[in-house]
Amino acid sequence: MSLDVKGLAIVERAQGKILEVMLTGKLKKSDYEAFVPEINRLVKKHGKLRILVMMEDFHGWSAGALWADVKLDLKHFNHIERLALVGDKKWQAGMAVFCKPFTTATVRYFKTADQDEAHRWIEEGIEV
């Protein structure tokens, strides 16, 4: 699966067990309307997922998108095994702390310069 809409690109890795998500600009509710069915499909297929989020020139969420994100996190509280957040802004690093109460996933933040390490960590123990 590959999804590419303005501000959001998603690529499946490791037969769908890993999702690589690229965020740019500002996410809107319509971005989640395209994204959520794919997450639901992959959770149904694999049970647990790992997600690598690359934030490049990412400016956050609209109010509707933020609510959609919170609902997605609550629905899939136990379905995300690892979450790697990659970016360079201080508030993006803070997202790793903010996300923890909404998931049982192990959450780690990586600077963009360390994205190779983020890929290794998210893939660890999975045949890619």
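Computed over heavy atoms, backbone and side chain alike; hydrogens, waters and symmetry mates excluded.
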Nearest non-hydrogen partners of [X] and [Y], listed with the distance:
X	Y	value
G47	H79	O-CD2, 3.5 Å
E56	T24	O-CG2, 3.0 Å
G16	L49	O-CD2, 3.4 Å

Any heavy-atom pair between the side chains of [Y] and [X] that's under 4.5 Å?
X	Y	answer
L19	V11	no
M54	V21	no
I18	I126	yes
W121	D114	no

Exercise for the section: Examine the side chains of E20 and H119 and answer whether a donor and an acceptor come within less than 3.5 Å of each other. Expected result: yes
Fill in the blank from the handout: The reported gap from CD in E12 to NZ in K17 (rounded to nearest 0.5 angstrom) is 12.0 Å
Problem - From T106 atom OG1 to I80 atom CD1, the distance as rounded to the nearest 0.5 Å - result: 12.0 Å
Practice task
Determine which pairs satisfy salt bridge (Lys or Arg N to Asp or Glu O under 4.0 Å) with at least one residue from residues 43-53, sequence neighbours left out, and list them in order.
Solution key: R50-E81
Handout entry: Residues which pass side chain to side chain donor-acceptor pair (under 3.5 Å) with D57, listed by chain and number, not counting sequence neighbours
Key = H59
Practice task
Report the residues that fulfil side chain to side chain donor-acceptor pair (under 3.5 Å) with T112, sequence neighbours left out, ordered by chain and then residue number.
Solution key: D88
Handout entry: Passing option when Y109 is tested against L85, V53, L83, V86 for side chain to side chain contact (heavy atoms under 4.5 Å, CB included)
Key = L85
Practice task
For E117, check salt bridge (charged side-chain N to carboxylate O under 4.0 Å, His left out) against everything at least two apart and list the hits.
Solution key: R108
Handout entry: Donor-acceptor contact present, side-chain H46 to main-chain R41, <3.5 Å
Key = no
